[in-house]
Amino acid sequence: MATVTLRDLRKEYGNGQIVAVDDIDLSVEDGEFVTVVGPSGCGKSTTLRMIAGLERPTDGNIYVGGNDVTDVHARKRDVAMVFQNYALYPHKTVEQNMAFGLRMSTDLTKDERSEKVRETAAMMGIEDLLDQKPDELSGGQKQRVALGRAIVRDPDVFLFDEPLSNLDAKLRTTMRTEIQRLQNELATTSIYVTHDQEEAMTMGDRIVILDGGEIQQTGVPKEVYNDPANEFVGGFIGSPSMNFLDVTVETDGGTTRLVGDGDSEFSYELHDERLRNAVRGHQQLTLGVRPEDVSVSGPGGNAVETTVEVIEPVGSDNYLHLDVGEDFIARVASDVEPDNGERIHVSFDAGDLHLFDADDGESLLYEPEQSATPTV
Ligand code: ADP
């Protein structure tokens with residue numbers, strides 16, 4: 001087990017034309033499970049490949065267990081990587097695939113290697129597959145073998161590069177739980193890359209959100225959800241996505257209101273002092289409200305009158321597409337069933353509002369928590 005620390009880690013391609021990873025700083029604690037999430041092309045794989053030693057950084061340093069491994073060859077780093085496409089040797093059996101890394105990285109005898117492979121195969125529930133070749137296996141079985149091959153080496157660090165993306169939805173959920181169970185049992189420091197925010201949120205002790213090669217926010221999943229550092233994180237984490245409205249701050253005597261721009265009839269009075277303080281000195285803002293924080297209510301107070309454009313039943317809930325700004329969704333209980341075209345009132349609590357600077361998208365309410373910056 002070991003800590004992993006990235007300092008000003010940078011990767012450029014094409015003589016600096018493409019900055020894939022833009023001066024990243026990250027500390028992963030010993031035994032921690034960190035998920036790294038972001039849209040396609042945001043630099044997730046490149047970051048992971050640099051930690052594995054498969055890609056050379058343009059600048060910056062990588063420390064594993066406090067040792068600078070930036071210039072250490074991949075084979076000499078005690079890290080094991082699990083890939084999306086399994087990367088199994090097609091001509092080797094499952095047993096040979098699992099034993100191969102051990103042969104390279106340890107001086108165990110053949111019998112000792114075989115014993116370890118059998119133990120790990122039992123742990124993964126793949127003992128019956130040891131004599132088979134990869135093309136005789138299902139996708140799920142191949143990924144179990146790939147995981148087993150990483151586990152059998154007993155590395156300091158596991159690196160996962162979208163390992164479940166090729167599996168169907170049901171199997172993906174099972175394997176998520178399985179990987180979490182194994183990681184709890186082994187307590188091996190793990191960095192898990194995915195483009196799927198739900199996977200990142202459910203699996204990570206801590207979650208790192210990347211965009212454009214830069215870290216947008218680091219925190220435990222609940223903090224990142226409740227207190228996004230900027231508009232990008234607010235919109236990326238959570239499903240359906242956070243609703244955004246362009247608003248103007250209007251102050252009149254003792255009252256402060258957020259008023260919807262354009263044709264919107266939106267107007268929300270800020271009674272809460274914390275919010276009034278946050279918006280002071282700002283004129284244009286982006287207001288964020290999560291669909292699950294919107295409820296159908298009666299008129300009065302800050303209720304917004306709107307038209308139901310479409311009602312979308314998803315079984316457990318109904319998604320109401322409302323005529324508030326652009327594409328505004330309320331996620332309500334399945335027995336709340338207004339008609340398409342019906343005029344209704346919706347409300348949301350002041351405590352559930354998110355406020356972002358209209359220019360740079362930074363949250364006006366963000367308060368970094370202790371856990372966002374662990375000391376390693
Ligand atoms: P992600 O894993 O988040 O999808 P990547 O780390 O694969 O993103 O890529 C980050 C950026 O770097 C992308 O713009 C991608 O096109 C670019 N990139 C990655 N590898 C190379 C390469 N070998 N040559 C040039 N550009 C690359």
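Just so you know, ligand 1 is whichever comes first in the structure, and atom 1 is the first atom listed for that ligand. For reference, positions follow the sequence shown, starting with 1.
Within the cation-pi definition used here (under 6.0 Å to the ring centroid, within 45° of the axis), Arg257 does not qualify as a partner of Phe266.
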Exercise. Test side chain to side chain donor-acceptor pair (under 3.5 Å) on Ser334 and Asn318 and set out the steps.
Key: CA-CA 5 Å; Ser334 57; Asn318 286 334; 5.8 Å; no
Quiz prompt | side chain to side chain donor-acceptor pair (under 3.5 Å) evaluation trace for Gln217 with Asn230 | solution = CA-CA 8 Å; Gln217 188 169 358; Asn230 58 39; over 6 Å; no
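Set against the non-hydrogen atoms of Pro39, the atoms of ligand 1 under 4.0 Å away are 3 (O). Of all atoms in ligand 1, numbered sequentially from 1 with element shown, those under 4.0 Å from a heavy atom of Cys42 are 1 (P), 3 (O), 8 (O).
The option from Ser45, Gly38, Gly43, Ala20 that lies nearest to atom 7 (O) of ligand 1, judged by heavy atoms, is Ser45.
Less than 4.0 angstrom separates atom 16 (O) of ligand 1 from none of the non-hydrogen atoms of the protein.
Protein heavy atom in closest approach to atom 10 (C) of ligand 1: Gly41 O, 3.4 Å. Annotation: atom 24 (N) of ligand 1 to nearest protein heavy atom, Tyr13 CD2, 3.5 Å.
Using a 4.0 Å heavy-atom cutoff, Ser40 is listed among the residues neighbouring ligand 1.
Within a 6.0 Å sphere centred on CD of Glu185, heavy atoms belonging to other residues, nucleotides or ligands number more than 12. For Lys222, the NZ atom sits in a loose shell: 12 or fewer heavy atoms of surrounding residues, nucleotides or ligands are nearer than 6.0 Å.
Distance alone, capped at 3.5 Å, places no donor-acceptor pair between the Ser114 side chain and the Lys110 backbone.
Ligand 1 has an N or O atom lying under 3.5 Å from an N or O atom of Thr46, backbone or side chain.
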